Amino acid sequence: MTRASLFHNRVETLSLLNATESLSDIWVAGWVRTKRDSKNFVFLELNDGSTLANLQIIVDNDIAGGTLLDIVTTGTSVAIKGHLVASKGHGQRWELHAQSIEVLGTNHTDYPLQKKRHSDEFLRQNAHLRARTNKYGAIARLRSFLSSSVNRFFLEEGFKLVHTPIITGSDCEGAGEMFRVTTLSPAVKHETLSEDFFGQEAHLTVSGQLAVETYCLALSKVYTFGPTFRSENSNTSRHMAEFWMIEPEMAYADVHDNMDVSEKFIKSVLTDVLENCDEDMQLFFNYVDKDLPARLANLIENPFERVSYDKAIQILSSAEQQFEFPISWGHDLQTEHERYLTETYFKKAVFVYDWPLEIKAFYMRRNDDNKTVAAMDLLVPQIGELIGGSAREERLEVLTEAIKSNGDSLDDYWWYLDTRKFGSVPHAGFGLGFERLLMLITGVTNIRDVIPFPRTPKNLEF
Ligand code: 4AD
Ligand code: MG
């Protein structure tokens with residue numbers, strides 16, 4: 001048998017821990033978590049990352065040929081053939097009695113994950129290995145499941161997935177927090193942008209929204225789900241320079257429809273994760289945050305509160321709590337204000353809608369009061385802002401004025417304005433930060449721990 005066929009066809013994943021009967025002559029492979037010697041046997045705990053649980057393997061010293069097992073340590077990768085039989089020991093239902101063992105990769109003595117417990121900071125510095133630990137393996141599996149759950153929700157609701165570009169010539173949020181994309185060498189003095197790859201300034205996108213809107217005004221219900229980039233220099237536990245965003249966009253919808261869909265979406269994916277990822281979720285319930293089950297149940301069971309920005313400012317102004325940042329109408333809410341509203345005052349998820357137009361993006365639909373726009377943010381316990389969205393300005397004249405008063409050139413947005421010139425329709429959409437959703441679901445408090453390779457100021461592991 002060639003090795004290729006061994007790996008492609010024969011190796012079982014550890015989902016066989018759910019087996020209903022014993023199995024003979026099977027192959028498993030993975031990384032040794034622990035090794036324990038007894039007189040005639042060696043006990044290995046094997047994990048292949050497919051589940052949280054390890055498979056206990058009993059290797060007869062004779063089978064291993066005497067010295068083979070000496071080179072097997074924590075972190076070694078092995079392939080083992082054996083019989084899966086009911087375990088007599090407690091703690092596991094099945095164990096594998098090995099017939100043969102092959103060491104795939106020996107482990108050098110400086111393996112950083114020898115110990116059972118490591119600090120999150122230490123593991124961040126070893127991001128290339130941390131998925132081999134229980135917690136980060138569980139996060140990786142949840143991230144994968146959640147991503148499919150997000151897609152399932154929107155597709156079942158009749159949305160079409162649109163792949164919007166990563167490299168862009170426009171600034172969606174108008175906040176100027178963009179990374180430049182160029183092929184020009186900084187060592188050479190260049191006279192004009194026409195020498196650059198695109199012949200104009202290019203950046204990494206901060207949001208797929210403007211592009212996805214053009215598809216909304218053709219397919220009616222669409223969404224995009226991809227990486228977005230922001231060069232904001234905020235070294236917080238909730239911001240990264242590269243994060244993933246889910247952005248649905250719906251025709252014939254207003255800001256209230258937007259809130260309805262957001263709420264249904266959050267409740268649906270939380271329920272899906274709880275129903276399907278119990279083993280991994282137990283790790284977070286037991287070891288990360290004891291309040292997590294109640295918090296998630298609260299989000300699923302209770303209607304989200306909806307308050308206007310005006311009302312939110314009134315509540316914050318009369319709060320007994322002292323805030324570091326003062327409250328006044330016309331200013332953005334700080335995390336401390338967001339958390340007061342959701343954790344202390346309402347004790348549930350809260351939408352804040354109808355925001356002052358000065359602090360929101362140019363594309364948001366202006367309300368009749370000429371002071372506010374039909375924007376909404378969803379605030380949740382522990383995190384603060386999870387979603388930001390709005391009804392979009394579909395009126396050509398109002399949008400044109402908004403771009404101008406932002407100091408931007410109409411030429412840069414000619415294609416966006418075209419969609420309002422040719423068969424414009426009222427529409428609305430929102431953006432949800434995928435990593436913030438993962439923080440909410442796992443109780444993990446640092447956003448750097450829910451993405452495989454976090455990108456933050458002065459931090460770029462390969
Ligand atoms: O509120 P934001 O900036 O909204 C937009 O970009 C809109 N264009 C979305 C839309 O309407 N289609 O960002 C949306 C969400 C935030 O609520 C937050 O969850 C997340 O994206 N987010 C970040 N997550 C991690 N790191 C950062 N630097 C983030 N900035 C925003
Ligand atoms: Mg926002």
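Position 1 is the first residue of the sequence; numbering continues from there. When a ligand or atom number is given, it counts from 1 through the structure's own listing order. It should be emphasised that the depicted structure is a prediction, and the values quoted were computed from it without experimental measurement.
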Ring centers of His203, Phe229 separated by less than 6.0 Å: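 Judged by ring-centre distance (under 6.0 Å), His203 and Phe229 do not meet the cut-off.
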
Can you confirm whether or not the ring centre of Tyr223 sits under 6.0 Å from the ring centre of Phe154?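 Yes, the ring of Tyr223 comes within the 6.0 Å limit of the ring of Phe154, centre to centre.
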
In ligand 1, which numbered atoms sit nearer than 4.0 Å to a non-hydrogen atom of [X]?
| X | result |
| --- | --- |
| Ser207 | 6 (O), 8 (N) |
| Glu232 | 27 (C), 28 (N), 30 (N) |
| Arg238 | 25 (C), 26 (N) |
| Glu247 | 8 (N), 9 (C), 10 (C), 12 (N) |
| Gly388 | 1 (O), 9 (C), 10 (C), 11 (O), 17 (O) |
| Phe430 | 10 (C), 11 (O), 12 (N) |
| Gly433 | 15 (C), 19 (O), 20 (C), 21 (O) |
| Ile447 | 25 (C) |

At a non-hydrogen distance cut-off of under 4.0 Å, which region of [X] contacts ligand 1 (side chain, backbone, both, or neither)?
| X | result |
| --- | --- |
| Arg436 | side chain |
| Glu435 | neither |
| Tyr363 | side chain |
| Val212 | neither |
| Phe243 | side chain |
| Leu386 | backbone |

Working note: Arg306 + Asp260, criterion salt bridge (charged side-chain N to carboxylate O under 4.0 Å, His left out); need CA distance, chi angles, decisive distance, verdict. CA-CA 10 Å; Arg306 299 181 186 200; Asp260 292 344; 2.9 Å; yes

Looking at ligand 1, does [X] have a heavy atom less than 4.0 Å from it?
| X | result |
| --- | --- |
| Met245 | yes |
| Glu242 | no |
| Glu249 | no |
| Thr228 | no |

Any pair with a residue in residues 292-317 that passes ring-ring contact (aromatic ring centres under 6.0 Å, His included), sequence neighbours left out, goes on the list, sorted by first then second residue, please.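 Sorted pair list: Phe304-Phe351, Tyr309-Trp329, Tyr309-Trp355.
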
Does [X] pair with [Y] as a salt bridge, N-O distance under 4.0 Å?
| X | Y | value |
| --- | --- | --- |
| Arg130 | Asp449 | yes |
| Asp377 | Lys360 | yes |
| Glu177 | Arg230 | no |
| Glu157 | Lys264 | yes |
| Asp120 | Lys135 | yes |
| Glu401 | Arg366 | no |

Please output the side-chain donor-acceptor pairs of residues 421-432 that fall under 3.5 Å, not counting sequence neighbours, one pair per line with the distance.
{"from": "Ser424", "atom 1": "OG", "to": "Glu394", "atom 2": "O", "distance (Å)": "2.7"}
{"from": "His427", "atom 1": "ND1", "to": "Val425", "atom 2": "O", "distance (Å)": "2.9"}
{"from": "His427", "atom 1": "NE2", "to": "Glu213", "atom 2": "OE1", "distance (Å)": "2.7"}

Around the Mg ion (ligand 2), what protein N, O or S atoms are found below 2.8 Å? Glu385 OE2

[X] side chain to [Y] side chain, donor-acceptor N/O pair below 3.5 angstrom:
| X | Y | value |
| --- | --- | --- |
| Arg420 | Tyr416 | yes |
| Thr372 | Asn367 | yes |
| Ser268 | Thr271 | no |

Do ligand 1 and [X] have nitrogen or oxygen atoms that lie under 3.5 Å from each other?
| X | result |
| --- | --- |
| Val206 | no |
| Gly389 | no |
| His239 | no |

Does NZ or CZ of Arg152 come closer than 6.0 Å to the centre of the six-membered ring of Phe145, within 45° of the ring's axis?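 Output yes; distance and angle both within limits.
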
If you take the nearest heavy atom of each of Arg392, Glu385, Glu177, Met364, which one is closest to atom 1 (O) of ligand 1? Glu385

Options Arg230, Met376, Gln209, Met439, ranked by nearest heavy atom to atom 2 (P) of ligand 1, top entry: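 Minimum heavy-atom distance to atom 2 (P) of ligand 1 goes to Arg230.
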
Min side-chain heavy-atom separation Arg365-Val255 under 4.5 Å: no

side-chain hydrogen bond (donor to acceptor under 3.5 Å, both in side chains) with Asp257: which residues, sequence neighbours excluded?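 With neighbours one apart ignored, the set is empty.
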
